[in-house]
Amino acid sequence: MKLSDQRTPKTACCLKSPSTASMEHRLQETTLTTTSGTDEVMTVPPQQQMNNNNKLHAVNHQKIQHRFPKKLAVDIEFTDIYYRTNVWSLQHIKPEKKEILHGVSGEFRSGELTAIMGPSGAGKSTLVNILAGYKIRGVDGTVKVNGRDRSKDPRENFSRLSCYIMQDDALRPALTVLEAMTLVAHLRLGYLTSHNQKKKQIFDLLDMLGLVEHAQTRTQSLSGGQKKRLSIALELITNPPVLFLDEPTTGLDSSSCSQCVSLLKLLAQQGRTVVCTIHQPSALLFEMFDHLYAVADGNCIYQGSIKGLIPFFKDMGLTCPAYHNPADYLIEVAIGEYDADVTVLVAEAAKSVGERRKLPKIITGANEEVIETISETTADCRQPPLQLASLASSEDSSIHEICEQSPVSASLFAQFSLLYYRNLMVLCRNYKHFMIRIGAHLVIGLVFGFLYRGVGSKADAVFANYVYLYGTTLFLVYTGTMAVTVSFPLEMNTLKKEYFNNWYSLVPCFLAVILVEIPIQILGSFIYIAVSYAYTEQPWEEYRILLFLMVCVTVTLTAQAAGFFIGVIAPLKIAVFLSPTIAVLLSTFGFNIFHHDIPSYFLWMYHISYFRAAFHSLVVSMYGQNRTTLPCEQLYCHYKYPEKFLYEMDIRDVDISDNTIYVSTVGLLLHVCTLLAIWFKLIRR
Ligand SMILES: Nc1ncnc2c1ncn2[C@@H]1O[C@H](COP(=O)(O)OP(=O)(O)OP(=O)(O)O)[C@@H](O)[C@H]1O
């Protein structure tokens with residue numbers, strides 16, 4: 001069925017503030033008409049002038065042309081959903097099972113905007129987490145997608161046709177709106193979608209969400225409502241048929257709230273299944289929802305239309321006072337006010353599940369509307385044409401079929417390139433951070449060089465040089481570790497969101513992060529070494545300089561790998577304390593303590609200490625390798641012969657290449673462990 005042939009005027013949602021007239025009135029006033037041809041034109045008659053400069057408001061006064069490919073409609077049915085988790089009981093000193101959802105059932109349909117409401121702690125977020133596939137552990141029950149059990153298909157399939165917009169916007173603050181959209185378009189639409197098509201799609205989305213004029217604004221400067229809309233726009237780039245949102249209106253003022261809900265309504269009217277949790281909305285906002293799913297203490301107490309809520313309560317002997325906001329009344333009933341017997345409501349609501357499932361699907365205006373196929377939309381798009389949406393076809397379509405219509409994501413290499421470029425861009429924007437890191441290496445190099453000037457070439461200053469070498473190792477280990485300890489923890493939320501919503505795979509993302517950090521650390525080390533090496537008058541022999549550089553770079557990169565690892569495995573506050581503590585602990589082995597003096601139960605630390613291995617290598621690179629006699633300006637210099645110093649320090653037999661291989665291996669292993677730890681965190685949901 002070619003939907004563009006249908007010309008029935010439809011009621012559509014308009015994106016506006018409800019401040020001056022009733023929302024309902026305006027909704028009815030606004031019409032959405034399809035025109036002939038391939039372009040869908042939503043014609044919105046002029047509204048009365050309102051005092052709102054927001055772009056979304058202006059949208060109502062314009063013709064908006066959207067070019068959105070639509071996928072098949074997706075209905076979600078869930079039965080007997082239980083969620084149990086372990087909580088630590090101080091009374092019994094053991095973990096105990098706590099049931100948070102007690103077998104809830106329901107159905108969310110395409111073309112409908114569903115609100116999940118209930119008192120705080122009722123289980124709204126838990127339910128939406130489960131339905132979005134974000135929470136997996138401890139969940140029992142069945143979730144069907146277009147009648148097919150979701151668990152029978154690979155997990156990624158569902159995430160390819162749905163998106164989850166979490167409460168925390170988790171955006172990249174240094175990127176502009178346009179950059180964020182472009183990046184996600186390249187990542188998710190892959191190379192099969194042409195540049196022009198991506199650009200068109202981005203601007204259509206920004207236009208629809210009222211963000212065009214903020215395209216060049218950095219996301220950190222956006223208002224709360226704009227951030228929320230950007231979060232939605234980023235996920236809409238692949239046009240998923242299902243949207244889950246956790247409290248999208250939290251933290252927004254009433255005007256932004258209504259704009260946000262209006263937008264969700266529009267998305268639902270275009271045939272999507274839109275499900276969001278929401279706290280007590282205003283009466284006007286409440287009426288904008290098509291379907292209500294009310295939860296109280298892990299049970300469903302009502303599911304059905306908004307209009308049906310008050311009559312349902314009336315049937316249960318609960319009369320909503322006149323002029324009372326039904327949304328407020330619902331919450332009051334859910335917490336047991338008005339002598340409400342919640343168990344009766346739960347039993348009645350359970351009956352309505354079956355009744356709703358028997359109801360024929362209401363063909364909402366939007367479901368009949370044209371939302372063009374990709375092939376119609378773009379002549380230059382090489383993707384196979386997507387099928388037009390129709391509710392009839394949605395019943396037969398499995399997740400697999402719908403997924404086959406999803407755009408092909410960027411290849412792993414393309415993902416890496418895009419993410420690497422993004423990280424470089426963020427680094428350039430946060431150049432102060434970069435400059436401070438490089439500046440610190442220069443300043444410390446100058447200070448160390450000044451304090452230990454000339455010690456590298458004197459026989460009577462061998463111990464001072466030994467301390468300089470120790471200080472160098474410690475400094476490079478510290479700067480390597482500490483600069484990156486917070487890297488992954490700070491972006492864990494964003495990473496979780498982006499990874500869950502299938503933006504990219506973990507390995508390219510991980511490599512893109514560490515390969516931006518590694519050159520900075522190498523550059524910093526080079527600057528420090530250039531200054532301090534020259535100032536302290538270390539031997540000016542190419543071979544020794546190269547050895548020195550190699551050992552310093554290896555140890556600082558391994559320390560960096562340790563910083564990444566500690567940051568990922570420990571909570572942030574502990575990680576920033578743990579990293580330097582471990583560095584200091586490892587540094588005590590090898591410096592002024594001999595292998596034979598270490599108690600046997602600490603020997604393992606001596607052996608695993610990459611610090612010790614690097615430090616010994618540095619000393620040997622300066623005093624070993626057949627170094628000639630050191631110039632002595634005193635009557636007697638104990639260490640005139642460098643070999644003697646190595647002998648007395650018990651490091652004469654140190655093999656630099658063995659040690660360097662060991663330090664590098666530790667670094668590589670730490671990176672692998674970091675990658676596994678992140679992966680574990682991402683999948684442990
Ligand atoms: N992993 C968990 N361990 C222990 N309790 C949990 C866990 N997850 C959720 N809960 C509990 O389950 C209940 C429901 O939590 P949920 O976040 O779903 O509530 P909510 O309805 O979204 O509340 P709010 O509106 O305040 O966000 C709460 O009492 C919460 O403390």
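In each ligand, atom 1 is the first atom listed, and ligand 1 is the first ligand listed.
- Contact annotation for atom 30 (C) of ligand 1: protein absent (non-hydrogen atoms, distance under 4.0 Å).
- Salt-bridge annotation for Arg84 and Asp140: present, with a side-chain N of the basic residue lying under 4.0 Å from a carboxylate O of the acidic one.
- Here the protein heavy atom with the shortest distance to atom 25 (O) of ligand 1 is Lys124 NZ, 2.7 Å.
- The environment of Lys681 atom NZ is dense: over 12 non-hydrogen atoms of other residues, nucleotides or ligands sit within 6.0 angstrom.
- Less than 4.0 angstrom separates some heavy atom of Lys98 from each of these atoms of ligand 1: 5 (N), 11 (C).
- Other residues, nucleotides and ligands contribute at most 12 non-hydrogen atoms within 6.0 Å of the CZ atom of Phe577.
- When the heavy atoms of Gly123, Ser120, Gly118 are ranked by distance to atom 21 (O) of ligand 1, first place goes to Gly123.
- For ligand 1, the polar-atom distance check finds an N/O of Ala122 within less than 3.5 Å of one of the ligand's N/O atoms.
- Using a 4.0 Å cut-off between charged side-chain N and carboxylate O, Glu235 and Arg272 make no salt bridge.
- Asp246 and Lys124 are not joined by a salt bridge, as no carboxylate oxygen comes within less than 4.0 angstrom of a charged side-chain nitrogen.
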Report task. Determine, stepwise, if the pair Phe244 / Phe108 fulfils ring pair (Phe, Tyr, Trp, His ring centres under 6.0 Å). Result -> CA-CA 11 Å; Phe244 294 101; Phe108 300 147; 7.7 Å; no
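- Ranking protein heavy atoms by distance to atom 2 (C) of ligand 1, first place goes to Thr85 CG2, 3.8 Å.
- Residues satisfying the salt bridge (charged side-chain N to carboxylate O under 4.0 Å, His left out) test with Asp297, not counting sequence neighbours, are none.
- Of the protein's heavy atoms, Gly121 O, 3.5 Å lies nearest to atom 13 (C) of ligand 1.
- Ion pair Glu491/Arg172 flagged as a salt bridge, since at least one NZ, NE, NH1 or NH2 atom sits closer than 4.0 Å to an Asp/Glu carboxylate oxygen.
- Contact atoms of ligand 1 toward Pro119: 21 (O) (distance under 4.0 Å to a heavy atom of the residue).
- Closest to atom 22 (O) of ligand 1, if we only count protein heavy atoms, is Ser125 OG, 2.7 Å.
- In the vicinity of Val87, heavy-atom distances shorter than 4.0 Å reach the ligand 1 atoms 4 (C).
- The protein atom (non-hydrogen) at minimum distance from atom 16 (P) of ligand 1 is Thr126 OG1, 3.5 Å.
- When the heavy atoms of Ile100, Asn86, Val128 are ranked by distance to atom 10 (N) of ligand 1, first place goes to Ile100.
- Taking distance alone, with nitrogen or oxygen atoms compared against 3.5 Å, His279 approaches ligand 1 more closely than that limit.
- Among the atoms of Glu247, some N or O lies under 3.5 angstrom from an N or O of ligand 1.
- Of the candidates Ile232, Thr273, Val275, Leu113, Leu243 forms a side-chain contact (heavy atoms from CB on, under 4.5 Å) with just one, namely Ile232.
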